There are 2 protein chains.
Amino acid sequence: MGKSDTATPRERYRAQVRTEIKEHAWQQIATAGASALSLNAIAKQMGVSGPALYRYFAGRDELITELIRDAYRSLADTLGAAAAEGADLSGLAHVLRGWALADPHRYFLLYGTPVPGYHAPDDTTAISSEIMATLLTACAALVPEAPEAQAAQEATEAPFATHLEKHRAWAGDHPAPPAALHLAMSFWTRMHGVLSLELAGHFTGMRFDPDRLFAAELDALLP
Amino acid sequence: MGKSDTATPRERYRAQVRTEIKEHAWQQIATAGASALSLNAIAKQMGVSGPALYRYFAGRDELITELIRDAYRSLADTLGAAAAEGADLSGLAHVLRGWALADPHRYFLLYGTPVPGYHAPDDTTAISSEIMATLLTACAALVPEAPEAQAAQEATEAPFATHLEKHRAWAGDHPAPPAALHLAMSFWTRMHGVLSLELAGHFTGMRFDPDRLFAAELDALLP
DNA sequence: TGTGTTCGTTAGAAGTTGTAACTCATCGCG
DNA sequence: CGCGATGAGTTACAACTTCTAACGAACACA
C-alpha cells in the first residue's frame with residue numbers, strides 16, 4: 001500500500017486525522033454549504049477542542065484548498081476511469097452529470113462563485129488540465145480528420161476554432177485538431193450552463209424535466 | 001416624483017438611509033464578495049455604530065435579499081429597455097454580457113452558488129419571469145410560424161420542445177411556439193455557461209479571447 | 001528508561017451577528 | 001407654542017467565529 005507502510009506511526013495517525021477532519025468537513029458542506037464551514041463545529045463533532053485542528057490545517061483556507069484539491073482529483077479520476085472504459089463524449093457528459101448531482105456543493109466548490117481572496121494552487125490547475133486532456137481526446141474522436149483542402153475551407157467558416165488553434169497553450173501538447181478544441185470548449189461551457197443552473201435550483205418551479213434539457217443540449221452539441 | 005412627495009419626512013429619511021446602506025453594501029460586495037459582507041463594516045464606513053443598522057434591516061439576510069431584488073430589477077430593466085429599443089436575441093445577449101461584466105459579483109448574486117438557507121421571495125421570481133418574458137418574445141421573433149403539417153413533423157424531431165410545450169407553466173401565458181421555448185432555454189443555459197465560467201476566472205491562463213467564445217456560442221445558437 | 005517531539009488542552013484577543021435597554025432629538029397634534 | 005409619542009442612535013452584552021500563545025501530558029525512539 002505504497003506510502004502508509006514506510007510512514008512512522010505519528011505520520012500515519014496524522015494522515016488519518018486529516019482525512020477524518022475532511023470527512024466531517026464534506027458532511028458539513030453538504031448540509032450547510034461551503035460558506036458555513038466552521039472549524040469549531042467540526043471540532044465539536046469530533047469531540048476535540050477547537051484549536052486542536054490547527055495542528056492539522058493552518059486555517060480555514062487551507063482546509064478548503066485541500067477539499068478543492070480532493071474534489072478536482074475525484075472528478076479527474078471519475079472522468080478518466082470512464083474514458084478508459086471506452087466512454088465517448090456523450091458518456092463523459094453523463095458521468096459528469098452523475099458526479100455533479102451526487103454532491104452539488106462539491107461541484108460548486110470547483111465551478112461556483114469564486115472565493116474572494118482565494119487563488120488556486122498550481123497542482124489544481126494541473127489536475128484541471130488533466131480533465132481537459134481526457135475531454136480533448138473524446139472530442140478528437142468525434143471530429144473527422146480533415147484533409148488540407150478542407151482544413152483551409154474550415155478556417156474561413158470556423159473563425160473561433162482557428163482562433164483557439166492560435167492560442168492552444170491551454171491544451172498542452174494534446175494533438176487535437178482545431179474543431180476538437182472548439183468542441184471541447186462548447187462542451188465545457190454548455191454542460192456547465194445546464195448543470196449549474198439545475199444544481200442552483202433555478203429550474204425548480206418550472207415543471208419540465210432537467211434530464212431532458214441536459215439530453216437536448218448534449219444532442220445539439222454532438223456533430 | 002410619485003411616492004417621495006406624499007411621504008412623511010421620517011419616511012423619506014428612512015428610505016434615504018436604506019439606499020445609502022445598500023450603496024455601501026454593493027461597494028463592499030464588489031471588493032470582497034457577498035460572503036464577506038459585514039454589517040459592522042458598513043456601519044463603520046458610515047460613521048455610525050453597529051446596531052444602528054438594525055433599525056433599517058432586520059439582519060444580514062434581509063439586506064442581501066434586498067440587494068438580490070435590486071439586482072434582478074436592474075437586469076430586467078436593462079434587458080427590457082434594450083428590447084423596447086428593438087434589440088433582437090443577439091442584441092439581448094450582448095446587453096446581458098455587458099450587464100454581467102459591469103459587476104461580476106452582482107451577476108453571481110443572482111446566478112452563482114446558492115446561499116444555504118436562503119429562499120427567494122415571491123416578487124423576485126416575478127421579476128425573473130418578467131426577464132423570461134422579454135427573452136421569449138425575442139425568441140419567438142426568430143422562429144418561423146409553423147403550419148400544422150410542419151408542426152406535427154417537428155413534434156417527432158424535437159422531443160424536448162414538445163416536452164416544454166407540455167410543461168409551459170414557467171412561460172406564463174406567453175404565446176411562444178414550442179421551438180421558441182426551447183430556444184429560450186438554450187439561450188439561458190448557454191449564455192450562463194460561458195459567462196459564469198468567464199466571470200469566475202476559469203479562462204484566465206488560457207490565452208484565448210472570451211469575447212470570441214461568447215460570439216461563437218451565440219452564433220451556434222441562432223437559427 | 002530517559003528525552004524530545006508532538007498532541008490536545010485552556011486562556012485569550014479580535015472579529016462577527018444580533019438583542020436589550022437607555023437617551024435624546026424630532027415630528028405631529030392639540 | 002408646548003407637550004407627548006415615535007423612532008433613531010447609543011452603549012452593554014451574549015454567543016458565536018477564527019486563530020495565537022502557553023502549558024501539561026502522552027507518545028515514539030534511542
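These numbers were taken from a predicted model, which means no experiment stands behind them.
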Report the residues that fulfil side-chain contact (heavy atoms from CB on, under 4.5 Å) with A:Ala169, sequence neighbours left out, ordered by chain and then residue number. none

Chain B on DNA chain D: first and last contacting nucleotide, 5' to 3', under 4.0 Å to a heavy atom? D:dT6 to D:dA12

Phosphate contact (C:dG8 OP1 or OP2) by A:Tyr13 side-chain N/O below 4.0 Å: yes

Between A:Arg14 and A:Glu11, does any NZ, NE, NH1 or NH2 come within less than 4.0 Å of an OD or OE carboxylate oxygen? no

Filter on ring pair (Phe, Tyr, Trp, His ring centres under 6.0 Å), then keep only pairs touching residues 59-103 of chain A, sequence neighbours left out; what's left? A:His94-A:Phe214

Quick one: salt bridge (charged side-chain N to carboxylate O under 4.0 Å, His left out) partners of B:Arg97, sequence neighbours excluded? B:Glu198, B:Asp211

Intermediate values then yes/no, salt bridge (Lys or Arg N to Asp or Glu O under 4.0 Å), A:Glu217 and A:Arg212: CA-CA 8 Å; A:Glu217 280 299 287; A:Arg212 301 210 193 187; over 6 Å; no

Quick one, which residues of residues 22-29 of chain A touch DNA chain D with a heavy atom under 4.0 Å? none

Test log, rule salt bridge (Lys or Arg N to Asp or Glu O under 4.0 Å), inputs B:Arg73 and B:Glu66: CA-CA 10 Å; B:Arg73 186 72 268 148; B:Glu66 192 77 12; over 6 Å; no

Identify all side-chain donor-acceptor contacts of residues 48-61 of chain A below 3.5 Å with residues at least two apart in sequence or on another chain.
from: A:Arg60; atom 1: NH1; to: A:Leu37; atom 2: O; distance (Å): 2.6

Do the ring planes of A:Phe203 and A:Phe208 sit parallel (below 30°), tilted (30 to 60°) or perpendicular (above 60°)? tilted

What parts of residues 33-50 of chain A reach DNA chain D, counting only heavy atoms under 4.0 Å away? A:Leu37, A:Ser38, A:Leu39, A:Asn40

By side chain to side chain donor-acceptor pair (under 3.5 Å), A:Arg207 pairs with (sequence neighbours left out) none

For A:His174, enumerate each residue passing the ring-ring contact (aromatic ring centres under 6.0 Å, His included) test, keeping only those at least two apart in sequence or located in another chain. none

What N/O pairs connect the protein and nucleotides 23-27 of chain C at under 3.5 Å? Give each pair on its own line.
from: C:dT26; atom 1: O2; to: B:Arg10; atom 2: NH2; distance (Å): 3.3

Residues within residues 51-66 of chain A bordering DNA chain C, heavy-atom distance below 4.0 Å: A:Pro51, A:Ala52, A:Arg55, A:Tyr56

Which residues share a salt bridge (charged side-chain N to carboxylate O under 4.0 Å, His left out) with B:Arg10, sequence neighbours left out: none

